[in-house]
Amino acid sequence: MSFLRVAAAVPRVEVADCCANAAHIVELARTMAADGVRLAVYPELSVTAYTCGDLFLQPTLINSAFEQLHEIARQTADLPMVLVVGVPLMIAGALRNCGAVISGGVIHGVQTKDYLPNYGEFYEKRWFRHDARPQHTLYVVDGVRFGVEICEDLWAPIPVSTHQALAGAEIILNLSASNDLVGKRRRLHNLITHQSDALRCAYVYSAAGYGESTGDLVFDGKAIIAELGETLVESARWHRSAYYESADVDVQLIRSERVVNSSFTDCRVREDGPEAWNYIDVTPTAPAVAPDGELRRPLDAMPFVAADPDVRARQCDEISEIQCHGLAKRLEVTRSKAVVIGISGGLDSTLALLVACRTFDMLGLDRRGIHAITMPGFGTSDRTKSNADKLMEALGVSAREIPIGAAVEQHFRDIAHDPADHNVVYENAQARMRTLILMDIANEVGGLVLGTGDLSELALGWATYCGDQMSMYGLNAGVPKTAVRCAVGWYGTLWPEIAPILNDIVATPVSPELLPADADGHIAQKTEDLVGPYELHDFFLYQLLAERREPQVIRDLAVRAFAGKFSAGEIDHWLQTFIRRFFAQQFKRSCMPDGPKVCSVSLSPRGDWRAPSDASGALWLNSLKEWID
């Protein structure tokens, strides 16, 4: 798996005591190396401390810093890692604020600070000089390119890291000494995550902490690691001892994002070409310490649903707003004041009905223009039928029941199908009969048939072609099943009077109800028993499309994410099922109706996913099987 373990290290410092600081740096390096860290960055001027003031003008301090930099290199020569430490160095007759890149006992190069702040509490130009020559150097560890910038370089209108990333740097290291002010931490966090997003990179930030002089400033010690706009890890505040934060950066994901993002590629064209840059390989000869099996980065088992209740509620509101505004525009452009929805008492049709009601309320339309049709068939259960009836009544829509049994039985006679044979003909005839009824009623009332199938069902092809696969507007086409379940429950907070009904719908097993119910009238056909748990399929879908991961990586991540809930064998089985169905059912997606993109992934043939219907999934299946075997 293409992960590189990086760290932001914050040692304790003694102001102007280079020997003590070097010892602190080495001690922390040994701890990180034993923890599998391959690349680490220390704070700005960590060899001397940042707050030395006019002591920087004393040769005694500068000479000691130079000596201790080499001592750090000597004492870490055996470590299987790269260190970048902050140090003042005399270069070309001027004192520079530098970041030194060290591995294998060698100081491979230094990055000088481009932008020296000379405002507010900062007056670095009193001691340091800017190097007017362009610095075109990147470093390479284990085939991964990284760049180095120092504190203010990030705050500048055109940060140094922007040029480095466009030259190929996949990881940016920042040595900083940013002091603490009320509200500054939030601004800094936003700046770091934005830069990692804009540059399609990982960003590792370390800032000075305890031990710096507090004569005028206080430093809380910051360690932040971000990747592609998301925070991987962020330190607590006000440490009084040495510490570090580490994370596993996903290099493969960064490279994939850069391939996909055309704006990033276009910007690279405008930069100096690769020939203008130096690339120094600083990979240690000693192999990295084998990771302990832990993956140090956030890994959500439910990537479409936030774990935090407040964030989840905001997500559900956004889902609702996107769907409502999508439907509102469609009603406006078709000059329609009516919609037709097939109501089963299940999750998907419930969400479509709720969205329709909220949209009609938003537009000031009478809810009786929502024609909700129940069409009980051979597999309709008492529970779903009861919930459908209660929900339609509570919402005040135009409710209508049209049993399909007799019509389907006549159809069986017409095509000479034995109704005792519960094969695919038996099931799909019911789905297509329901679609025919909805389409005809839509013509009758001058309305739109709203599709209820969700994103997860589109991925699996769990829909009847020219049956529930077809509609006039696929309202749920961009909402995965795990988010559908969440959104339905959320509507209970919006309309508390229907919360008990919605809660029972959420608790009802997912089923197309196309096979006869059991003797007690309970659901006999459970979707997740047939195609697998939707939790897993939504995870697979996100990893395959949103992050474009290889099957063996998806499998390994799923084993980690669902440890204790699904065994590796179960994950192997359902992942193979997902891949087979995803490729085999593309023909249903190639002619799917319009529907709004809601989450980070869409399968619309006019949007995110444009794939041939006859493509083979053998490559993905075989690579997974080889990994499993």
Side-chain angles (χ1 to χ4, degrees), residues 5-52 65 68-69 72 75-76 79 81-88 97-102 111 113 146 148-154 171-181 184-186 188-189 191-193 202-214 217-226 231-247 249 296:
R5 183 160 293 179
V6 300
V10 184
R12 181 184 175 115
V13 295
E14 307 294 338
V15 177
D17 190 341
C18 298
C19 294
N21 293 334
H24 294 325
I25 289 170
V26 171
E27 181 182 11
L28 197 52
R30 293 195 175 281
T31 302
M32 291 188 291
D35 195 28
V37 171
R38 192 66 163 168
L39 175 63
V41 60
Y42 287 79
E44 181 178 8
L45 297 171
S46 46
V47 174
T48 57
Y50 178 78
T51 50
C52 290
Q68 291 306 310
L69 179 64
I72 291 169
Q75 292 194 33
T76 59
L79 299 185
M81 66 181 297
V82 179
L83 293 77
V84 181
V85 300
V87 61
N97 184 339
C98 302
V101 180
I102 304 170
Q111 177 78 23
K113 189 171 184 177
F146 68 91
V148 177
E149 69 178 356
I150 303 175
C151 201
E152 184 75 7
D153 291 347
L154 171 62
I171 299 174
I172 302 296
L173 307 181
N174 187 304
L175 308 86
S176 180
S178 182
N179 61 301
D180 199 58
L181 300 172
K184 186 176 181 180
R185 176 92 174 209
R186 177 183 54 80
L188 176 64
H189 176 272
L191 186 61
I192 291 170
T193 53
Y203 201 101
V204 188
Y205 179 94
S206 174
Y210 195 78
E212 291 283 357
S213 171
T214 58
L217 306 174
V218 174
F219 300 82
D220 66 344
K222 305 173 183 70
I224 303 171
I225 303 175
T231 303
L232 297 185
V233 64
E234 181 174 5
S235 66
R237 306 181 69 178
W238 313 114
H239 287 267
R240 295 184 62 193
S241 57
Y243 77 99
Y244 67 94
E245 294 288 353
S246 62
V249 167
R296 293 189 189 166

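Residue numbers count from 1 along this sequence. This is a predicted model, so every value here is computed, not measured.
- Put simply, the side chain of E149 reaches to within 4.5 Å of the side chain of L154, judged on heavy atoms.
- Minimum heavy-atom separation, V13 to A49: CG2-CB, 4.1 Å.
- How far CG of N174 is from CD1 of I150: 8.0 Å, rounded to the nearest 0.5 Å.
- Residues satisfying the ring pair (Phe, Tyr, Trp, His ring centres under 6.0 Å) test with F146, not counting sequence neighbours, are Y139.
- Between A226 and I192, the shortest heavy-atom contact is CB-CG2, 4.0 Å.
- A distance of 10.5 Å separates CD of E14 from CD of E212, quoted to the nearest 0.5 Å.
- Atoms CG and NZ, from D220 and K184 in turn, are 9.5 Å apart once rounded to the nearest 0.5 Å.
- The two atoms that bring A100 and L69 nearest to each other are CB-CD1, 3.8 Å, heavy atoms only.
- Considering every non-hydrogen atom in both A29 and L83, the closest pair reads CB-CD2, 3.6 Å.
- Going from atom CD1 of I225 over to atom CZ of R5 covers 10.5 Å, rounded to the nearest 0.5 Å.
- A salt bridge links E234 with R185: the distance from a Lys NZ or Arg NE/NH1/NH2 to an Asp or Glu carboxylate oxygen falls below 4.0 Å.
- Using a 4.5 Å cut-off on side-chain heavy atoms (C-beta onward), Y42 and P11 make contact.
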Checklist entry - F219 and T214: side chain to side chain contact (heavy atoms under 4.5 Å, CB included), yes or no, with the steps? => result CA-CA 8 Å; F219 300 82; T214 58; over 6 Å; no
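- Contact detail for C18 and T48: the closest heavy-atom pair is SG-CG2, 3.8 Å.
- There is no side-chain donor-acceptor pair under 3.5 Å between S176 and K222.
- Y244 meets the side-chain contact (heavy atoms from CB on, under 4.5 Å) test with A7, A9, L28, T31, M32, D35, V37, S246; sequence neighbours excluded.
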Next on the checklist: side chain to side chain contact (heavy atoms under 4.5 Å, CB included) for R30 and L79? Distances and angles first, verdict last.
Outcome noted: CA-CA 7 Å; R30 293 195 175 281; L79 299 185; 3.4 Å; yes
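- Rounding to the nearest 0.5 Å gives a distance of 13.0 Å between OH of Y205 and OG1 of T193.
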Next on the checklist: Run H189 and T231 through side chain to side chain contact (heavy atoms under 4.5 Å, CB included) and show every step you take.
Outcome noted: CA-CA 9 Å; H189 176 272; T231 303; 2.8 Å; yes
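- Nearest heavy atoms, V15 versus G211: CG2-O, 3.5 Å.
- Using a 4.5 Å heavy-atom threshold, the side chains of C19 and D17 count as touching.
- For the residue pair Y243/S235, the side-chain donor-acceptor check at 3.5 Å is satisfied.
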Next on the checklist: Run the side chain to side chain contact (heavy atoms under 4.5 Å, CB included) test on I102 and V82 for me, step by step, so that the C-alpha distance in whole Å, both residues' side-chain angles and the decisive distance to 0.1 Å come before the verdict.
Outcome noted: CA-CA 6 Å; I102 304 170; V82 179; over 6 Å; no
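- Between E44 and N97, the side chains place a donor N or O and an acceptor N or O closer than 3.5 Å (distance only, hydrogens not considered).
- Qualifying salt bridge (charged side-chain N to carboxylate O under 4.0 Å, His left out) partners for E245, counting only residues two or more places apart in sequence or in other chains: none.
- Looking at D153 and K113, their side chains come closer than 4.5 Å, going by heavy atoms from C-beta outward.
- Separation of atoms OG (S46) and CG (L175) is listed at 6.5 Å; rounding is to 0.5 Å.
- Checking N21, T76, I25, L45 one by one against V85, the side-chain contact (heavy atoms from CB on, under 4.5 Å) holds for a single residue, I25.
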